[in-house]
Amino acid sequence: MRRRAMLLASAASAAAILGGLQIGNVATTSLTATTDASGPDTATGSTGSSGSSSASAGSAASDTAAGATDGTWTGTAVGTRFGDVQVRVTISNGTISDVTALQLTDSDGRSIQISNRAAPLLRDEVLRAQTANVSMIGGATYTSQAYLRSLQSALDQAGF
């Protein structure tokens with residue numbers, strides 16, 4: 001009887017772990033389509049976003065063959081329980097040439113430490129992949145989600 005109970009407990013634990021991994025993968029891939037941004041107005045650059053009330057600015061230089069507009073685009077500020085996250089992206093010759101974190105989570109020392117570790121890793125992944133659809137940083141879930149949502153809103157403004 002004890003052996004059967006141990007076997008059932010082990011099977012339930014394995015199922016819970018595998019289910020958690022699958023949920024994490026689904027959450028990561030669904031981040032790229034969560035913002036609603038309208039086209040930029042080069043004078044003010046205001047856009048709308050669900051769940052965030054920050055103005056976004058974009059300065060357009062020229063249209064590329066791929067449809068993306070070269071320039072610098074500021075994503076919406078995305079609120080987390082640890083503070084807001086906002087990024088700016090530079091599109092050059094139809095590619096993402098730079099990503100700058102304008103604002104990172106800052107509610108306490110640990111939050112600042114996590115964001116300062118995650119931001120350069122996220123930046124490197126985005127520049128390598130040329131998309132906001134990259135893996136989140138372990139231990140920095142809130143920062144990663146907000147960073148990638150803000151980035152996606154900037155890319156949407158650029159038509160990327």
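Just so you know, these numbers come straight off a predicted model, no measurement behind them.
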How would you list all residue pairs meeting ring pair (Phe, Tyr, Trp, His ring centres under 6.0 Å) that involve residues 103-124, not counting sequence neighbours?
-> none
Is there a side-chain contact between Thr131 and Val126 (heavy atoms, below 4.5 Å)?
-> no
Can you tell me if Ser144 uses its side chain to pair, donor with acceptor, with the backbone of Ala140 under 3.5 Å?
-> yes
Between Thr74 (side chain) and Arg88 (backbone), is there a donor-acceptor pair under 3.5 Å?
-> no
Hey, what do you get for OG (Ser135) to CG (Leu121), rounding to the nearest 0.5 Å?
-> 11.5 Å
Is there a donor-acceptor pair closer than 3.5 Å between any side-chain N or O of Gln130 and the backbone N or O of Ile96?
-> yes
Show which residues join Ile114 in its hydrophobic cluster (side-chain heavy-atom contacts under 4.5 Å, direct or indirect), or state none.
-> none
Would you check if the side chain of Asp70 reaches a backbone N or O of Gly94 as a donor-acceptor pair within less than 3.5 Å?
-> yes
For the side chain of Gln86 and the backbone of Ala101, is there at least one donor-acceptor N/O pair under 3.5 Å apart?
-> no
Looking only at side chains, do Arg110 and Gln113 share a donor and an acceptor under 3.5 Å apart?
-> yes
Heavy atoms, side chains only, cut-off 4.5 Å: are Leu155 and Ile91 in contact?
-> yes
Residue pair Ile112 / Asn116, side-chain heavy-atom distance below 4.5 Å | yes
When you measure from the side chain of Thr72 to the backbone N and O of Thr90, does any donor-acceptor pair fall under 3.5 Å?
-> no
Given the rule that I, L, V, M, F, W and Y join up when any side-chain heavy atoms are under 4.5 Å apart, are Ile137 and Leu148 in one cluster?
-> yes
Results of side chain to side chain contact (heavy atoms under 4.5 Å, CB included) for Thr105 - residues two or more places apart only | Thr80, Phe82, Val85, Ser111, Ser115, Thr143
State whether Arg123 and Asp98 are salt-bridged, where the test is any N-O pair (Lys NZ or Arg NE/NH1/NH2 against Asp/Glu carboxylate O) under 4.0 Å.
-> yes
Measure the shortest side-chain to side-chain distance between Val87 and Thr100 over non-hydrogen atoms and say whether it is less than 4.5 angstrom.
-> no
Student check: side-chain heavy atoms of Val89 and Gln157 closer than 4.5 Å = no
Within a strict 4.5 Å, meaning less than it, do heavy atoms of the Val99 and Tyr147 side chains meet?
-> yes
Are Leu151 and Leu127 joined in one hydrophobic group, where the rule is that I, L, V, M, F, W and Y side chains link up if heavy atoms are under 4.5 Å apart?
-> yes
Work out which heavy atom in Thr76 is nearest to a heavy atom in Ser153; give both atom names and the distance.
-> N-OG, 2.8 Å
